[in-house]
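A quick write-up on the structure given underneath.
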Amino acid sequence: MEQSPKNWSIEDAANIYGIRGWGAGYFDLSPKGEVVIRAQGGGHSVSVMDVLSGMRARGIETPVLLRIANLLDSQLTSLNESFRKAIANLSYRGIYQGVFPIKVNQQAQVIEEIARFGARFNHGLEAGSKAELIIALAMIQSTESLIVCNGYKDEEFINLGLHAVKLGYKCFFVIETPSEFDLILKQSAALGVRPLLGIRLKLSTRASGHWQDSGGDYSLFGLSTSQMIDVVDRIKREGMLDCLQLLHYHLGSQIPNIRDIRAAVRETTRFYAEMVKEGARMGYIDLGGGLAVDYDGSQTNFEHSKNYTLDEYCTDVIEVVMEILDEESLAHPTIITESGRALLAYSSILIFDVLDANLFEAGPIPEALPPESPELLRNLWLTRESITKRNIQECYNDAMYYREECREQFKHGDVTLRQRALAENLFIDIIRRVMALIERERIILPELEDLRDLLYDIYYGNFSVFQSLPDSWAINQIFPLMPLHRHLEEPDRRAIFADITCDSDGKIDKFVDLHQDVGKSLPVHSLRNDEEYYIGVFLVGAYQETLGDLHNLLGDTNVVSIHINEDGSFDFVREMEGDSIWDVLSYVEYEPKNLIARFRSNAERAVKESRITAAERRAMLADFEASIKGYTYFER
Ligand SMILES: *Cc1c(COP(=O)(O)O)cnc(C)c1O
């Protein structure tokens, strides 16, 4: 084992990657320098590297999505316990009942776990489409658990929900548009069921953060105040005020500021009180999602963070609801939240291997400048020779200028290919020397603050951003990412990550960095020839799996689920093979058998034309068929 150098410790590693911030107690570093998972409760921890070697022994290769069942259970328990505690402390006279929004991760195994772990809290499900309602109706067993139906509903959707009510489930239709009530009215009359109704509010409150446009007057969904009165009047006319029991809003996901959460609860509770006065039966306030995850561990109102704890969230919600209803002496309702992100984010880690690196290093530089070199190259050479700690800024400026000019002259044919290559090498070498001087002499030059941002390598990761981290690409979501091992060594390089799609967007170049809002590169270790280098992308359990797409036909990764036992051992609960090339070709409507047949006849033509022998054809066909059945990612 590597000896840790005196000036580098596990503490330093933990600090530069911020793992003790965003890790929320679930992730940490072991004395061996490996990332470990700690399932709450037991003090035991499991090294991700041990899980990886267990996987490899079973023939499961990276990239792989690792799910840790305990962490979902733990988050679900914390949410329910926190509300319970707040309710008890404040003597609130209602209860809390959560529903999990299926859209956050519809994978059967995830929903099964939620149904199983959630049963003891009567944690229900939220459905936003017919397909999701079908999942909810099959997966929820206790009629005490709630089912909340949001989204646009057609006749079939409504019939499904009404069947559920007939079966004894508390299945709410949340009315999102004024016309929806008419359809619900018609279908419930036809089936002879009294529906459970809710109304989705359009609040004037808006939340800062990424989803700020989901709230406010311009939000896509929900009834305006006057539409709400119209719907309530229609419900009244039909004699169905006893059916109207729930108010719902969803301000957006990942709300970083507790003030916005309080404001939305306050406004909603005012609507609630008014509904009671209108004669509606009521009994439920549904606060939607929005409970944030601290992706960067900064505990601030930055969009990738949150400035509140779970206990503060629960206490504030209960406090605000109580305050307003107590003023009017109204009964305390059941509080529902639809937290998805906060429950699921921690439970999955994407693990990939680094295939190669493009180092930011100067290529070979000769002993002397070649005789025919143009003036510009000569200047660049002299700049390199003359760097001292007194003229750093000047040398840097000159290097930038001469390199740019060399590139220009190349375009005009005045600089040759080899001269341009030498110019680029000299430039990199100058930047490296400047940086080394700055660090050695501890020079502070504000103009060169972001010089470090130029000095990164590109590490090629065996994964697809589009398949596995769609939010990183689509909405610039920052996920904490770090090497899974080698933390006894000080990272000696900085890198950004490119995936294997060869799309210029297929990269990760924004990182958790507590010194600036967002880091532009990540400290990493030099690659070794004889050793894999594994990177983990954390907190990817929410939204990433089914939002991902088949860009470049890179398919689903392998998925492995583990359960960590009390004694610190772990079990492989489930393994799911990722998509094969055969699978992804079928998704885009190819008939793989037909492709094989076509390739076979192409090869036959080559035999006829004497380009290859029949034996060569046979070997080629075998390769072709093996490939089509293989993994879509880089295989070793
Ligand atoms: C997406 C969504 C949620 C989940 O929000 P999180 O921020 O992930 O908790 C809840 N309710 C509705 C209506 C949603 O659309």
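We count ligands from 1, going down the list as the structure has it; atoms in each ligand are counted the same way. Predicted, not measured: the structure shown is a model, and the values here were computed from it.
- With ring centers used as reference points, Phe479 lies 6.0 Å or more from Phe538.
- Residue contact check: Gly290 has heavy atoms under 4.0 Å from atoms 5 (O), 6 (P), 7 (O), 9 (O) of ligand 1.
- Rounded to the nearest 0.5 Å, atoms CD1 (Ile349) and CG (Leu484) are 7.0 Å apart.
- Ligand-side atoms of ligand 1 in range of Gly340: 6 (P), 8 (O), 9 (O), range being under 4.0 angstrom from any heavy atom.
- Defined by atom type and a distance below 3.5 Å, a donor-acceptor pair is missing between the side-chain atoms of Asn89 and Thr315.
- In the model, Thr300 has no side-chain atom that pairs as donor or acceptor with a side-chain atom of Asn307 under 3.5 Å.
- Per-residue contacts place Ser339 under 4.0 angstrom from the following atoms of ligand 1 (heavy atoms of the residue considered): 9 (O).
- The N/O atoms of His248, backbone and side chain alike, include none that comes under 3.5 Å of an N/O atom in ligand 1.
- For atom 12 (C) of ligand 1, the closest non-hydrogen atom on the protein side is Glu338 OE1, 3.4 Å.
- The closest side-chain donor-acceptor pair between Gln75 and Tyr26 falls under 3.5 angstrom.
- Atoms of ligand 1 lying under 4.0 Å from at least one heavy atom of Arg341, given by number and element, are 6 (P), 8 (O), 9 (O).
- No side-chain donor-acceptor contact under 3.5 Å links Thr309 and Asp311.
- The protein heavy atom nearest to atom 2 (C) of ligand 1 is Lys103 NZ, 2.3 Å.
- Every atom of ligand 1 is numbered from 1 in the order shown, and the set under 4.0 Å from a heavy atom of Asn150 is 13 (C).
- Evaluated by nearest non-hydrogen atom to atom 4 (C) of ligand 1, the leading choice among Phe100, Phe221, Tyr249, Tyr543 is Tyr543.
- In this structure, atom 7 (O) of ligand 1 lies nearest to the protein heavy atom Ser253 OG, 2.5 Å.
- The closest side-chain donor-acceptor pair between Thr337 and Tyr96 falls under 3.5 angstrom.
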